[in-house]
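On a predicted model such as this, the values are computed, not experimentally measured, just so you know.
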Amino acid sequence: MLNIVGDAVSSAEADMSRVQTAADAITAAIGKVRPLLGGDTWTGPAATAGEGEWNSFYGTVLGVLNSLPSAEASVINGVRQQAEQLQKQLAKAHATVAPQ
């Protein structure tokens, strides 16, 4: 019988690895922009408002990015459970079929 659980988990891990790579790139981009918000680059009320909007929006983005490891574990665990259940069902169905 094929290793359904292992294959499903490996596929989920590969997908989540790609998601994490993209998340790391987003985090790096945010890190490059953040220093430009302070100092003499932009001053006045518009600067204050812009910085506030940036911090609010990208604070949310960073929060989501920081939650990726737990989300990854949850996805992989869910895939593992579904694959194990499917494998058990297939084994049970295979065991109930009598050889002819």
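- Between the CD1 atom in Ile30 and the CZ atom in Phe57 there is a gap of 8.5 Å [rounded to 0.5 Å].
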Under 3.5 Å, which donor-acceptor pairs link side chains of residues 65-73 to any protein atom two or more places apart or in another chain?
from  : atom 1 : to    : atom 2 : distance (Å)
Asn66 : ND2    : Leu62 : O      : 3.2
Ser67 : OG     : Val64 : O      : 2.7
Ser70 : OG     : Ser67 : O      : 3.0

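- Applying the side-chain hydrogen bond (donor to acceptor under 3.5 Å, both in side chains) test to pairs two or more places apart or on separate chains, those with a residue in residues 12-27 are Asp15-Arg18, Gln20-Asp24.
- Between the CD atom in Gln87 and the CG atom in Asp7 there is a gap of 9.5 Å [rounded to 0.5 Å].
- For the pair Gln89/Gln85, a side-chain contact is recorded, criterion being any heavy-atom separation below 4.5 Å from C-beta on.
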